[in-house]
Each structure stands twice: as C-alpha cells, then as structure tokens.
**Student:** 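My questions will all concern the structure given below.
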Amino acid sequence: MKAAFISDIHGNAPALEAVLEDITKKQIDKLFILGDLCFRGPSPKQTLDLIRSLDAKVIKGNADEWVVRGIRKGEVPDEALEIMRKEQEWTAANLDETDIHYLKNLPETLNLELNGTNILAFHAAPNSLFDVIRPDTDDQSLEKNLMADNHSSLFIYGHIHLPYIRFLNGKTVMNLGSVGLPFDSQPKASYGIVETEDGDLTVSIQRVDYDVEKTVRLYAENDYPNKAMIDVVRNGRL
C-alpha cells in the first residue's frame with residue numbers, strides 16, 4: 001500500500017498539478033489532503049475544483065476556516081491583518097456558495113488504518129487548526145501536543161510549511177511541508193508518501209519542481225491584492 005499525503009496548497013494550481021502528476025507516476029494507491037486548499041494563491045477556484053474532482057479524503061485547515069468566516073484579530077500579526085483580510089475577501093469573492101459550503105463542512109482530523117498501521121492525520125494539531133508545532137519542538141512538547149493518541153503510531157500534519165520527519169519512542173511524526181507555499185527556501189512543492197508492506201512502514205518527503213513563473217503570472221493576471229506573495233513563491237520563504 002502506497003499513500004500520498006499533501007497539504008497547504010494555498011490556491012497554487014500549477015504546483016498542485018505538478019504534484020498530482022508526480023503522484024500518478026509513483027503509482028499511489030490512496031490520496032489524503034490535509035487542508036489549506038485555496039487561500040493566498042492566485043487560482044482559488046481552479047484549485048478547489050481540481051481537489052473536489054479527486055478520489056481523496058480531505059480535511060480542513062486554518063486557511064479554509066478563514067475563507068468561510070474571515071480572519072479575527074489576534075490570529076495573525078497585527079501588521080498583516082489588513083492585507084490578509086483583503087486577500088480573504090478576494091478569495092471568497094472568487095468562489096461560489098457551493099465552494100464555501102464545502103470548506104465549511106470539511107472534517108478536521110483523519111483516523112486511518114493502512115495495512116495494520118494506525119495513522120492520525122490533522123492540519124496543525126489534533127485539537128487545533130492554528131497551533132504551531134515547529135520541527136525543533138522538544139520531545140516532551142511534541143508528544144503532548146501531537147502524539148497523545150496512544151492508538152496511532154504515525155502522526156501526519158501540515159500548517160507550518162516546513163517538512164520534516166522525526167522518530168520518537170517507536171512512533172513517527174511527519175510534517176508534509178507545503179504544496180503551494182514552502183517556507184524552507186526551496187521553491188519546490190512538497191508532499192509525503194507513506195508505504196506499508198508486510199508489516200514494514202516507510203515514510204518519505206518528496207520535492208517536486210513546478211512552473212513557479214506561471215504562478216507568478218497568475219498573481220498578476222488575476223489582480224491578486226497582495227503582490228508580496230510573488231516573492232514568497234519565488235524564494236520559498238516568508
């Protein structure tokens with residue numbers, strides 16, 4: 001069994017298309033999507049339509065919640081609040097009521113069993129869409145905030161846009177990075193593969209080249225309200 005987990009697409013349709021092509025080449029059996037589908041990218045409607053056409057289980061991220069109900073003070077730095085609210089309004093205006101309803105009703109966690117491996121998948125933390133658990137989090141905090149579910153041996157999440165894999169007390173934590181907005185200074189899409197065979201478990205991070213300049217052109221052509229996102233896409237960092 002070979003499963004792909006992707007997250008944080010952020011309305012970057014060219015990056016998503018490249019990842020899906022790579023997934024097809026790798027003959028993936030199942031696909032799971034861990035939220036942040038269409039906000040902050042230039043192609044929210046195209047991206048969401050593509051996601052909804054897939055045979056995939058999808059959960060909600062904080063950015064999907066923002067598209068539905070707006071961004072509250074305190075959820076982002078004060079200096080970013082005004083521009084991010086403009087981005088939210090632009091994104092919502094480029095979706096229809098069916099899209100908003102879809103985002104609103106997405107579940108927030110996935111409890112999976114793949115060939116005997118129990119997996120808990122979520123966007124940011126099992127009980128939060130907004131918690132930030134970084135790669136350098138100490139072992140005790142990682143266990144407390146991500147690994148409290150004693151039935152799972154693999155914990156998969158997104159949100160921080162920084163891919164990593166850690167092994168702790170016989171269990172595994174994997175962050176997928178981001179398909180559309182990586183923050184690790186590599187302007188390449190990122191996703192994870194989980195392979196289970198004969199009781200063995202293998203996890204890996206995949207990096208995929210895509211046409212970054214096509215995404216840049218879409219920001220300009222679609223009159224996206226925050227042109228600073230072009231630098232994020234080009235440089236792979238905030």
**Student:** Any donor-acceptor pair under 3.5 Å linking the side chain of Ser128 with the backbone of Asp131?
**Tutor:**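 Looks like yes, one N/O pair under 3.5 Å.
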
**Student:** Flag the pair Asp64 and Lys104 as a salt bridge only when some basic side-chain nitrogen lies within less than 4.0 angstrom of an acidic carboxylate oxygen.
**Tutor:**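 Looking at Asp64 and Lys104, the cut-off is not met.
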
**Student:** Among residues at least two apart in sequence or on other chains, which ones pass side-chain hydrogen bond (donor to acceptor under 3.5 Å, both in side chains) with Asn111?
**Tutor:**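 Once residues adjacent in sequence are excluded, Asn111 has no partner under the side-chain hydrogen bond (donor to acceptor under 3.5 Å, both in side chains) criterion.
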
**Student:** Just checking, any donor-acceptor pair under 3.5 angstrom between side chains of His159 and Asn62?
**Tutor:**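 Checked: His159/Asn62 side chains pair up, N/O donor to acceptor below 3.5 Å.
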
**Student:** Measure from the side-chain N and O atoms of Ser141 to the backbone N and O of Thr137, and report whether any donor-acceptor pair falls under 3.5 Å.
**Tutor:**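 Looks like no, no N/O pair under 3.5 Å.
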
**Student:** Quick one about Ser152 and Asp149 (side-chain donor to acceptor, distance below 3.5 Å, no hydrogens or angles considered), yes or no?
**Tutor:**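 The answer is yes; a qualifying pair exists.
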
**Student:** Taking the basic N atoms (NZ, or NE/NH1/NH2) and the acidic carboxylate oxygens, is any pair closer than 4.0 Å for Arg85 and Glu89?
**Tutor:**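 Salt bridge between Arg85 and Glu89, a charged N being under 4.0 Å from a carboxylate O: no.
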
**Student:** What are the two closest heavy atoms between Gly177 and Asp8, and how far apart are they?
**Tutor:**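 Between these two residues, the closest heavy atoms are O-OD2, 3.9 Å.
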
**Student:** Side chain of Asn94, backbone of Trp90: donor and acceptor closer than 3.5 Å?
**Tutor:**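 Indeed, once roles are kept as given, a pair shorter than 3.5 Å links the two residues.
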
**Student:** Please check if the number of heavy atoms outside Gln27 that lie under 6.0 Å from its CD is greater than 12.
**Tutor:**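 At most 12 heavy atoms, drawn from other residues, nucleotides or ligands, come within 6.0 Å of this atom.
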
**Student:** Between the side chains of Asn118 and Ser153, is a donor N or O closer than 3.5 angstrom to an acceptor N or O?
**Tutor:**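 No pair is found: no donor N or O on one side chain lies under 3.5 Å from an acceptor on the other.
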
**Student:** Quick one, Lys25 with Glu21, criterion salt bridge (charged side-chain N to carboxylate O under 4.0 Å, His left out). Give me CA distance, side-chain angles, the key distance, then yes/no.
**Tutor:** CA-CA 6 Å; Lys25 290 178 181 177; Glu21 182 179 350; 3.6 Å; yes

**Student:** Under 4.5 Å between any side-chain heavy atoms of Leu120 and His151, yes or no?
**Tutor:**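 No, every pair of side-chain atoms sits at 4.5 Å or beyond.
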
**Student:** What closest approach, in Å, do Gly180 and Ala15 show between heavy atoms, and which atom pair accounts for it?
**Tutor:**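 Between these two residues, the closest heavy atoms are CA-CB, 4.2 Å.
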
**Student:** Would you check if the side chain of Asp99 reaches a backbone N or O of Asp96 as a donor-acceptor pair within less than 3.5 Å?
**Tutor:**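 Yes; judged by distance alone, with no hydrogens or angles, the pair exists.
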
**Student:** Do the side chains of Lys60 and Asp36 get close enough for a salt bridge, i.e. N-O under 4.0 angstrom?
**Tutor:**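 So Lys60 does not pair with Asp36 through a salt bridge.
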
**Student:** Report the distance from atom CZ of Arg166 to atom CG of Leu146, rounding to the nearest 0.5 Å.
**Tutor:**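 Arg166 atom CZ to Leu146 atom CG measures 9.0 Å (nearest 0.5 Å).
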
**Student:** Would you sort out whether Arg207 and Tyr191 count as a side chain to side chain contact (heavy atoms under 4.5 Å, CB included), showing the intermediate values?
**Tutor:** CA-CA 7 Å; Arg207 301 311 291 261; Tyr191 75 99; over 6 Å; no

**Student:** Which pairs of donor and acceptor atoms, one on a side chain in residues 231-238, lie under 3.5 Å apart (sequence neighbours left out)?
**Tutor:**
{"from": "Arg234", "atom 1": "NE", "to": "Glu213", "atom 2": "OE2", "distance (Å)": "3.1"}
{"from": "Arg234", "atom 1": "NH2", "to": "Glu213", "atom 2": "OE1", "distance (Å)": "2.9"}
{"from": "Asn235", "atom 1": "ND2", "to": "Asp231", "atom 2": "O", "distance (Å)": "3.0"}

**Student:** Would you indicate whether Lys144, at its atom NZ, is surrounded by more than 12 heavy atoms from other residues, nucleotides or ligands within a distance under 6.0 Å?
**Tutor:**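 No, not enclosed.
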
**Student:** Measure the OG1-CD1 distance between Thr47 and Ile9 for me, rounded to the nearest 0.5 Å.
**Tutor:**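 Result: 7.5 Å between the selected atoms.
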
**Student:** Do Gln206 side-chain atoms and Gly192 backbone N/O form a donor-acceptor pair below 3.5 Å?
**Tutor:**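 A pair under 3.5 Å: no.
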
**Student:** Distance check, rounded to the nearest 0.5 Å: Glu221 atom CD versus Lys214 atom NZ?
**Tutor:**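 With rounding to 0.5 Å, CD (Glu221) is 10.0 Å from NZ (Lys214).
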
**Student:** Any chance the side chains of Glu143 and Asn169 put a donor and an acceptor closer than 3.5 Å?
**Tutor:**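 Indeed, the side chains of Glu143 and Asn169 share at least one donor-acceptor pair under 3.5 Å.
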
**Student:** Where the side chain of Ser178 meets the backbone of His161, is there a donor-acceptor pair that is under 3.5 Å apart?
**Tutor:**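 Not a single qualifying donor-acceptor pair exists.
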
**Student:** Do any N or O atoms from the side chain of His10 and from the backbone of Cys38 form a donor-acceptor pair under 3.5 angstrom?
**Tutor:**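 Here the side-chain-to-backbone pair does not exist.
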
**Student:** Indicate yes or no for a side-chain donor-acceptor contact from Glu75 to the backbone of Arg72 under 3.5 Å, with no hydrogens or angles considered.
**Tutor:**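 Yes; judged by distance alone, with no hydrogens or angles, the pair exists.
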
**Student:** State which residue, out of Phe32, Phe122, Phe155, fulfils the ring pair (Phe, Tyr, Trp, His ring centres under 6.0 Å) condition with Phe5.
**Tutor:**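 Among Phe32, Phe122, Phe155, the one that satisfies the ring pair (Phe, Tyr, Trp, His ring centres under 6.0 Å) with Phe5 is Phe32.
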
**Student:** Any side-chain donor paired with an acceptor under 3.5 Å for Glu87 and Asn226?
**Tutor:**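 Present: a donor and an acceptor within the cut-off.
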
**Student:** For a side chain to side chain contact (heavy atoms under 4.5 Å, CB included) check, start with the C-alpha distance between Leu54 and Leu20, then their side-chain angles and the critical distance, and finish with the verdict.
**Tutor:** CA-CA 10 Å; Leu54 300 171; Leu20 293 175; 4.0 Å; yes

